[in-house]
2 protein chains.
Amino acid sequence: MFKPTTIKDIAKELGFSISTVSRALRDGYEISEETKKIVMDYAQKINYKPNPIALSLKERRTYSIGVIVCEVANNFFSQAINGVESIAYDKGYHVIISQSHDSFEREVINVKHLANRSVDGLLISMAAETTDYAHILEMHNKGLPIVFFDRVIDEINTHKVTANNFQGSFDVTELLIKNGVKKIAHLGNAPHLSITKERMSGYKAALEKHGIAFNEEYVQYCHHGGRKYDEVEEAVKQLVTGRDKPEAIFVSSDRLSVGCLSAIKKFNPLSKDILIAGFSNSDVVELFDPSLTCVRQPAFEMGRLATDLLIQLIESKYPVTEFQSKTLNTKLYLNNKTLSM
Amino acid sequence: MFKPTTIKDIAKELGFSISTVSRALRDGYEISEETKKIVMDYAQKINYKPNPIALSLKERRTYSIGVIVCEVANNFFSQAINGVESIAYDKGYHVIISQSHDSFEREVINVKHLANRSVDGLLISMAAETTDYAHILEMHNKGLPIVFFDRVIDEINTHKVTANNFQGSFDVTELLIKNGVKKIAHLGNAPHLSITKERMSGYKAALEKHGIAFNEEYVQYCHHGGRKYDEVEEAVKQLVTGRDKPEAIFVSSDRLSVGCLSAIKKFNPLSKDILIAGFSNSDVVELFDPSLTCVRQPAFEMGRLATDLLIQLIESKYPVTEFQSKTLNTKLYLNNKTLSM
DNA sequence: TTGAAAGCGCTAACAT
DNA sequence: ATGTTAGCGCTTTCAA
């Protein structure tokens with residue numbers, strides 16, 4: 001069952017040696033046109049395909065790249081993966097996707113599994129739970145090409161691709177302020193994540209620019225990044241039932257934004273006195289009620305870029321020592337008639 | 001760079017032969033406890049991991065399974081993939097995800113690529129464009145284990161896992177009828193897809209049961225499955241600007257349902273005189289405006305089940321000749337105060 | 001109990 | 001121009 005033809009079979013069938021067949025197939029210069037034609041035609045006829053496993057063993061590479069994200073059921077990541085694929089396919093690489101589900105343990109398993117010669121390089125957006133980077137560091141030190149995207153870490157020196165999280169946060173916060181909103185709460189992902197910190201900075205900077213004091217009580221974090229709805233609901237509850245109810249909530253992550261909308265809807269089914277703004281790559285934002293003013297990341301482009309850099313690392317003849325940190329601009333989308341630019 | 005330890009290195013280091021090391025590591029019965037301990041401890045210490053490529057070449061299997069879906073940026077599929085993963089990981093298989101983007105050409109490439117010894121078996125939901133099944137048939141005939149899920153085809157005899165599309169359609173159509181809605185249009189995916197046909201049947205059966213004539217003018221298909229928004233918009237336009245405007249539209253696919261909501265919102269921003277009901281696995285349906293009454297498929301469970309069946313096929317010692325077609329029930333969710341069960 | 005050697009499919013020196 | 005051989009990392013006869 002499922003016993004594919006090998007080069008040996010062809011050699012036997014055609015009466016050539018294995019190496020002649022091999023060379024003919026790769027169009028080697030030493031082989032006569034005549035022989036080439038015979039071999040090629042026959043290979044064509046029986047639809048011969050070389051065994052990629054054998055090739056991998058020989059060449060010590062797999063022509064596949066691993067992608068580790070928290071989950072694919074997330075607009076930002078599925079779009080980013082489409083970007084990854086678009087480049088990878090063109091350059092002849094497979095894409096192996098693994099989900100960490102924001103779990104440290106799962107991330108470690110995935111990294112080890114993929115890095116253990118299943119892939120030639122790794123594209124990773126860190127899990128929300130991860131604070132110990134030993135597993136990544138180990139692979140990096142062994143020479144495995146790694147490119148970070150979205151959720152990056154300072155501890156490792158390699159290419160990094162992120163959205164301009166600071167500016168995106170700044171812009172949306174300022175937009176709210178310019179529309180007369182002063183009491184802006186902030187709902188963030190796990191606090192140690194790079195995206196959380198960067199987005200927090202942008203938010204604070206906008207407040208500061210406009211002379212609004214930063215209020216610690218207006219800040220809530222969701223350590224599971226919105227993957228546990230209860231956590232989001234509890235955080236939103238804290239915000240809306242606090243002493244000084246905010247006029248708006250800025251939500252700093254994709255999954256969290258819709259979670260926040262659901263929670264708000266639950267607490268406040270009728271009144272729409274709290275504006276929600278946040279990072280989201282949903283392609284149906286215009287359908288949401290309550291409406292979501294959103295910051296959109298160039299996910300597809302980020303995936304492309306990160307993959308391009310990764311493949312450069314993989315294919316580089318010499319050890320790469322100069323690394324790039326690319327930052328791509330976000331875009332703001334109003335979905336609410338009460339707001340204007 | 002990135003040169004991992006091999007069994008040979010261990011043998012040299014410890015002064016044993018390669019085969020002794022190999023056997024010690026696999027806990028072979030012929031090896032003395034003492035030698036085993038030495039080898040195991042050392043392997044542990046240097047964190048030795050066997051090269052999976054070499055194992056694959058030897059065992060003629062890869063311990064990975066391929067999944068081909070139209071896209072991961074789709075609630076149903078990303079949930080199904082989570083189900084696939086949950087089983088695959090437990091049984092020690094990698095999951096390689098490929099997207100067809102509903103393109104026939106892409107599907108053919110993906111199938112050939114994966115089937116060509118990159119995976120031990122294939123899980124597939126057919127692309128909307130595909131009407132020629134030669135590429136699948138070829139692999140099936142070569143003995144590659146294949147399990148279909150969601151979008152299945154009759155032409156190949158193997159395990160199949162689907163939602164009860166007929167019943168789901170029937171239920172939601174009947175719900176509308178029982179709520180006094182008689183003029184129900186139907187917006188479907190590509191007409192040759194199994195899901196499209198089954199859902200159409202359920203719709204027709206409900207109409208018939210309640211003595212409502214089937215009206216050809218109330219039917220529109222989207223050959224690209226909602227992946228091209230213009231197509232959806234045009235179809236919806238046809239429906240709502242026809243001679244006899246429907247009171248409701250039943251949309252028979254996940255991606256199409258939100259597309260339809262967008263289109264309706266565009267044509268009818270204020271009046272909400274057209275109810276939309278349809279298949280959707282969105283986890284934020286309660287946020288949609290206009291509201292979407294939806295049929296939800298047990299995506300995760302379908303993924304689990306399909307994977308379980310696939311792994312059974314892969315690991316079966318004997319050729320399997322008895323195949324199962326599993327059908328799982330859908331669930332109806334009202335998100336509209338004007339409707340009741 | 002351990003080692004030598006063949007073989008999985010392929011490529012690439014090294015012969016001829 | 002073509003064939004022989006070794007080797008990629010591992011398992012597994014077969015010999016010792």
Side-chain angles (χ1 to χ4, degrees), chain A residues 1-40 42-43 46-64 92 113 115-120 142, chain B residues 1-40 42-43 46-64 92 113 115-120 142:
Chain A
M1 51 156 41
F2 207 50
K3 171 116 189 50
T5 325
T6 71
I7 228 171
K8 195 171 165 186
D9 300 327
I10 300 184
K12 205 187 300 170
E13 178 64 31
L14 262 36
F16 289 111
S17 78
I18 291 179
S19 49
T20 301
V21 174
S22 172
R23 274 178 287 223
L25 254 16
R26 344 210 90 245
D27 201 20
Y29 66 97
E30 325 108 294
I31 304 294
S32 74
E33 287 307 319
E34 196 190 356
T35 309
K36 265 184 200 166
K37 183 154 174 31
I38 297 173
V39 175
M40 297 266 210
Y42 182 71
I46 62 164
N47 191 24
Y48 166 80
K49 291 280 179 339
N51 183 335
I53 306 285
L55 284 177
S56 290
L57 184 61
K58 182 120 253 276
E59 298 183 34
R60 262 87 147 264
R61 45 182 313 194
T62 62
Y63 283 99
S64 50
H113 197 168
N116 186 35
R117 286 160 284 193
S118 302
V119 297
D120 298 336
K142 276 194 188 167
Chain B
M1 50 156 42
F2 206 50
K3 170 116 190 50
T5 325
T6 71
I7 229 170
K8 195 170 164 187
D9 300 327
I10 301 184
K12 205 185 302 171
E13 178 64 31
L14 262 35
F16 289 110
S17 76
I18 292 179
S19 46
T20 301
V21 174
S22 171
R23 272 177 290 222
L25 288 172
R26 342 212 92 245
D27 202 20
Y29 65 97
E30 325 105 296
I31 304 294
S32 73
E33 287 306 320
E34 197 189 354
T35 308
K36 265 185 201 168
K37 183 152 171 33
I38 296 173
V39 174
M40 298 265 210
Y42 183 71
I46 62 163
N47 192 24
Y48 167 79
K49 291 281 179 341
N51 182 335
I53 306 283
L55 284 178
S56 290
L57 184 60
K58 183 118 254 278
E59 297 182 35
R60 261 87 148 262
R61 46 180 314 194
T62 63
Y63 282 100
S64 50
H113 197 169
N116 186 36
R117 288 160 283 192
S118 303
V119 297
D120 297 337
K142 277 194 187 166

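By convention in this document, chain letters (A, B, ...) are assigned in the order of the sequence lines, proteins followed by strands, and residues within each chain are numbered from 1.
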Using distance only, find each side-chain donor-acceptor pair of residues 49-56 of chain A under 3.5 Å and give its atom names and separation, not counting sequence neighbours.
| unit_1 | atom_1 | unit_2 | atom_2 | d |
| --- | --- | --- | --- | --- |
| A/Lys49 | NZ | A/Asn47 | OD1 | 2.9 |
| A/Asn51 | OD1 | A/Ile53 | N | 2.7 |
| A/Asn51 | OD1 | A/Ala54 | N | 3.4 |
| A/Ser56 | OG | A/Pro52 | O | 3.0 |
| A/Ser56 | OG | A/Arg61 | O | 3.1 |

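Note that the first and last nucleotides of DNA chain C, 5' to 3', having any atom under 4.0 angstrom from a heavy atom of chain B are C/dT1 to C/dG9. First and last contacting nucleotides of DNA chain D toward chain A (any atom under 4.0 angstrom from a heavy atom, 5' to 3' order): D/dA1 to D/dG9.
The salt bridge (Lys or Arg N to Asp or Glu O under 4.0 Å) search around A/Glu33 returns A/Lys36, not counting sequence neighbours. In this structure, B/Lys58 has no salt bridge (Lys or Arg N to Asp or Glu O under 4.0 Å) partners at least two apart in sequence or on a different chain. In this structure, the ring-ring contact (aromatic ring centres under 6.0 Å, His included) partners of B/Tyr63, at least two apart in sequence or on a different chain, are B/Tyr93. Shown here are the side-chain hydrogen bond (donor to acceptor under 3.5 Å, both in side chains) partners of B/Ser17, two or more places apart in sequence or in another chain: B/Ser19, B/Thr20. Evaluation of the side chain to side chain contact (heavy atoms under 4.5 Å, CB included) rule for A/Ile38 yields A/Leu14, A/Phe16 as partners, not counting sequence neighbours.
Note: A/Arg26 CZ to A/Ile31 CD1 = 12.5 Å, rounded to the nearest 0.5 Å. Remark: B/Leu57 CG to A/Leu57 CG distance equals 5.5 Å, nearest 0.5 Å.
B/Leu25 and B/Ala43 get closest at one heavy-atom pair: CD2-CB, 3.7 Å. For the residue pair B/Ser118 and B/Thr62, the shortest heavy atom distance occurs at O-OG1, 3.3 Å. Considering every non-hydrogen atom in both A/Thr35 and A/Ser32, the closest pair reads OG1-OG, 2.8 Å.
Each salt bridge (Lys or Arg N to Asp or Glu O under 4.0 Å) pair with one or both residues in residues 4-25 of chain B, not counting sequence neighbours, appears once here: B/Arg23-B/Glu30.
The rotation axes computed at either terminus of the helix from C/dT1-D/dA16 to C/dT16-D/dA1 lie 60° apart, taking five pairs at each end and rounding to 10 degrees.
For DNA chain C, the neighbouring residues in residues 48-58 of chain A, judged by any heavy atom under 4.0 Å, are A/Tyr48, A/Pro50, A/Asn51, A/Ala54, A/Leu55, A/Lys58. Only B/Ile18, B/Ser19, B/Ser22, B/Arg23, listed by number, bring a heavy atom of residues 15-24 of chain B to less than 4.0 angstrom from any atom of DNA chain D.
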